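A short worksheet on the structure shown next.
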Amino acid sequence: MKFAIVVFPGSNCDHDAYHATTAVIGQQAEMIWHKETDLRGADAIILPGGFAHGDYLRTGAIARFSPVMQSVQAFADAGGPVVGFCNGFQILLEAGMLEGAMLRNRSLQYRCEHVHVRVERNDTPWTGLCQPGQVMRIPIAHGEGNYYAAPEVIDRLEKNGQVIFRYATADGETTDAANPNGSLHNIAGICNERRNVVALMPHPERACEAALGSADGKVVLDSVVASLRAGVPVVAGR
Amino acid sequence: MAFDAATLDRHGLKPDEYDRIRVLLGREPNLTELGMFSVMWSEHCSYKSSRVHLKTLPTTGPRVVQGPGENAGAVDIGDGLAAVFKIESHNHPSFIEPYQGAATGVGGIIRDIFTMGARPIALLNALRFGPIDNPQTKRIVAGIVSGIGGYGNAIGIPTIGGEVFFDESYALNPLVNALCLGIARIDDIIKGRAEGVGNPVYYVGAKTGRDGIHGATMASAEFDEASAEKRPAVQVGDPFMEKLLLEACLEVMKSDALVGIQDMGAAGLTCSTCEMAARAGTGIDFDVTLVPRRETGMTPYETLLSESQERMLLVVKLGREAEVERVFERYDLHAVKIGTVTGDGLVRVRDAGVVVAEIPGPALTDEAPLYHRPMKRPADLDTLRTVDAAALKPRPSLRDAALALLGSPTIASKRWIYRQYDSMVRTNTLVPAGYGTPVVRVKESGKALAISTDANGRFVLLDPKQGAMMAVAEAARNVACAGAIPIGVTNNLNFGNPERPEIMWQLGQAVEGIGEACRAFDIPVTGGNVSLYNETDGRAILPTPVIGVVGLLDDASAVVDRRFRGEGRTVILMGEQRGELGGGEYLKTVHGQVRGVPPRVDLTRELAVQQLFPALVAERLIESAHDVSDGGLAVALAECCFDTNGIGLSVDLAAAIGDPWAGAPADAVTDEQTLFGESAPLIVVSTAAAQADVVVARAVAAGIPARVIGRTGGSQIRITIDGRDALALTVAEAETTWGTAIEARMTSRRAGAA
Amino acid sequence: MPQTYKARVFVTLKPSVFDPQGHVIVESLHSMGYAGVADVRQGKYFELDVEAESADAARAMVSDVSNRLLANPVIESYRVDVA
Amino acid sequence: MPQTYKARVFVTLKPSVFDPQGHVIVESLHSMGYAGVADVRQGKYFELDVEAESADAARAMVSDVSNRLLANPVIESYRVDVA
Ligand SMILES: Nc1ncnc2c1ncn2[C@@H]1O[C@H](COP(=O)(O)OP(=O)(O)O)[C@@H](O)[C@H]1O
Ligand SMILES: [Mg+2]
């Protein structure tokens, strides 16, 4: 199967996503420049991490106006699996494809370190191979990952099971000390109502090989491959 | 037009230098030309005080692809690839505006690397600050660290390591030395040469503003009260622009339409045009009105001297312009033709067609003044080299001393710093910051590169030659401990005012020491940087020659770091504890003294270590390795237990073999010497019990004393000396002290924020 | 005839949204001894030069720009001043 | 009797200092079709609640705070409004 990795000016984890999808899990991947609209027949889309447009003004704010985002939106509307890692999450929020917004980390500092993330739901194409409650050790690397949404939105996300990942201890407890940035309800990742668009601040694509300190994140990419093989709604991106 | 003394002074030019300009030109310069000479002949650009010394460094070797003289050095790492690396200082700007000063320093060194056609894959930073409890220092630390992160994180190059050292002498003159490492295909390496008469000269990147005018001359003038006045507009970094330039330039370099390229750093357009022309023996004729400018009314003088960031100068093959322009357009960058390569060897500057400056390129570069400055051994050095016995009392308990050392900011964990850096982007980081010598893999070849920066300014103060040799030895040893063979050296010489003979002596001695060590180890120096006039109101910083060593691992899957891997492993100590405390962290932290004779360098044994360790690691005979440095053997042993989920150790040490140090009871080698002595090389190794004998035998055969000293396990760091109890700490208390010392000080309420 | 107008846009977090920056500023001001500062909220401030047919047209354009780009309506509100 | 005053602080980059953010905002506004926007400079905006004996005392305190913490005097200037 084929991944489309969207490259915005200032994206910098595009290579990481490419390496993880191709060299590590043996699939195909295409880099799609943000001015293009042709997704080249991709089966799944990754919005990678980085600093699109420098993250100037607000993280993800300018990227949502890129031509490629219309294709991403159409692909998602047709049920195709889309994932955002870190900056990709911020872009999906700004684009309104996911609900909420990011504030500065409560420490006011950029943080890069391994954290523990509990997988809440496996009923998305990106978490299908996870056990609910499974704890992954994967890195974060961001300055604005403090997830916020209005109380009624949070309630709805919780009620619908749209909270997919939460910061937790190694034992899976969602304590405040395990929350690296102040996110409400320890939220590390969410999905849309249809559940095909998933995003998280941590970087599973950086945790796909033991040599890099953890291979826990690989299950996210493996899941979407399995889900597409199982024939859950397949959309050919164009 | 002749210039008065005040004008010359403002340009940092001495009267005899002015005379030299007139001779070189055969006439009086105009003001624009004077400005160009002033920046190019500044210490920063011309190396006029240090060049005679730098020439003595070994720069050749079978692996050298590019030695000093280009934008960065390069060494062959096999498979048609080269490691391209260089270190650069941004000390003065980082004091004036810590965030932007440090950020633009990082931006500058990254440009030097990709200018060579290399993809940057790692950053390191060597930092020096005043005492961390001082509120002003805290602001400087916070600003510099977030500036380094702000730039590196955004551009997407991992910051994988570095070093931090605290000393009073850096309080008003912090050091920020940034090192960048990149990978290039050897055949694709590009030089900063303006070849080919008639080829067009292009400008691309950020517009030119009035920022940083006279930055290069400022970087070469001592700080004083008056510098607050002449404070130039601060340069602001734009990592987004640089990311676009990086990607676009690497793409342009794939075609052969590009002839030469250079970034505009210090001395901006002046430096890039004259250096590119002089290297190729050509000239460049260009018009400042074609240069994209941010502000209106900029004069040629300002345009030529501006140090606006994120700008590149390119020479393109005639007829291939459209191809190059198209690549830049894709990134919304507009490459603009500003001039042409000429055959007359002149840098000719026009303002709307009218010639406003005309200088032979070499007059600005090769013909810059060269000084054999007088050198003199400081009169007080002999006093400094003795330890004041009276001041060594009272001696705290070994336990209190050990905890004081673990909590000393120079030794303590730098986690508060490096967790603000993205250390993992590009997914090559095998050993990240904090676990010892950082290592990145080279995906293209399955190999890996280890890299370390080191310099102990106290050692250099007390013995500049030995101290500099030790810096080379330590950096090379660090790299070897990870399993890598040292293959290249870069260096950043940070010293005080070279017009003072004592400072010049330090510099001369240090360069001698670097040369001697590099020759002994057969590692070429491929580049570096010199930062002088690091003084505030006549007080110099500790002489600080920062040494960066790059090492090559043939197998990226066999790498070790400092951490114990499990319980029940055998702990081996290699080397000899001679109990040298002079200039060390024990005397400084516990007794407030910077005194004594620093540890002696044993070049033969260091070389043996550099040869042995890569083999031990490649053969998977050892599980961890950590060399003794600041704080001595006890600190190194403790550090092997940190970040392991609390694996302890129990070891028995032989008492140090050295002479009793001054001030100690005359009848004994003291336990302080055994525990806190910083003799080198001294390396703590852990291995599976079954392999211990082989490892010891291999070391001994290589001429390195080695013996089993104990085992890993338990929750304590238990050290006995010749069977006597000496030190027992729980790993938890030691690790908490070490782990929180910097964070606690930086987050104490007075730190300031926003 | 189009004219150049100076516009200012003030973007602030909505009152219901916690402001981590303002929070840290208050804390450090208190520790610096400024007990009198009860609350701080940090926002963004933009100065725009716009060409438009009239002040009203300029205001309309700047509001549009603020709505679409300068502010994120999920967490922020904005105010426009045209001189 | 101390009273509560509302203060606003506008922090802007000094005119000679390059503003990369403003630059990128202008470029993206142009690509969004807002050709009329000639220039954007981004700054910071703070709202403070301060307790002071008088408006003048409040202004003095806020200026002090701006100088020491809210603005970086090396590259930024600020303006204080007290209501
Ligand atoms: N400024 C810094 N930035 C990033 N990492 C740092 C910095 N300073 C120190 N480190 C990391 O902290 C660890 C300890 O540093 P140091 O004590 O100097 O190591 P060593 O004693 O092995 O030379 C190393 O992994 C180093 O790379
Ligand atoms: Mg060290």
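Letters A, B, ... are given to chains in the order of the sequence lines, protein chains preceding strands, and every chain is numbered from 1. Keep in mind that the numbers below use all heavy atoms, side chains included, and drop hydrogens, waters and symmetry copies. Quick caveat, the model's predicted, so the values are computed rather than measured.
Atom CZ of C:Arg68 is separated from atom CG of D:Leu29 by 9.0 Å, given to the nearest 0.5 angstrom. Here CD1 of D:Ile25 is found 8.0 Å from CG of C:Leu48. Values are rounded to the nearest 0.5 Å. With rounding to the nearest 0.5 angstrom, the CG atom of C:Asp39 is 7.5 Å from the NZ atom of D:Lys6. Annotation: the span from C:Phe10 atom CZ to D:Arg8 atom CZ amounts to 7.0 Å, rounded to 0.5 Å.
For D:Val9, no part sits under 4.5 Å from any heavy atom of chain C, backbone or side chain. Of the two parts of D:Ser28, only the side chain, counted from C-beta on, holds a non-hydrogen atom closer than 4.5 Å to a non-hydrogen atom of chain C. Residue contact with chain D, scored on non-hydrogen atoms closer than 4.5 Å, is absent for C:Ala52. For a residue to count as touching a neighbouring chain, one of its non-hydrogen atoms must lie under 4.5 Å from one of that chain's; by this rule C:Phe46 touches chain D with backbone and side chain alike.
Between chain D and the residues C:Gly22, C:Ala38, C:Pro2, C:Ala7, the most heavy-atom pairs under 4.5 angstrom are made by C:Ala38. When each of C:Leu69, C:Thr4, C:Asp49 is scored by its heavy-atom pairs under 4.5 Å with chain D, the top score falls to C:Asp49. By number of non-hydrogen pairs under 4.5 angstrom with chain D, the leading residue of C:Val62, C:Val26, C:Val65 is C:Val65.
Looking only at side-chain heavy atoms (C-beta outward), C:Glu47 and D:Val40 stay at 4.5 Å or farther from each other. Contact of the C:Tyr45 side chain with the D:Val11 side chain is not registered, since no non-hydrogen atoms from C-beta on lie closer than 4.5 Å. D:Lys44 has its side chain out of reach of C:Lys44: every pair of non-hydrogen atoms, C-beta onward, lies at least 4.5 Å apart.
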Verdict with supporting geometry, D:Asp64 and C:Tyr34, side-chain contact (heavy atoms from CB on, under 4.5 Å): CA-CA 10 Å; D:Asp64 209 32; C:Tyr34 296 98; 2.7 Å; yes
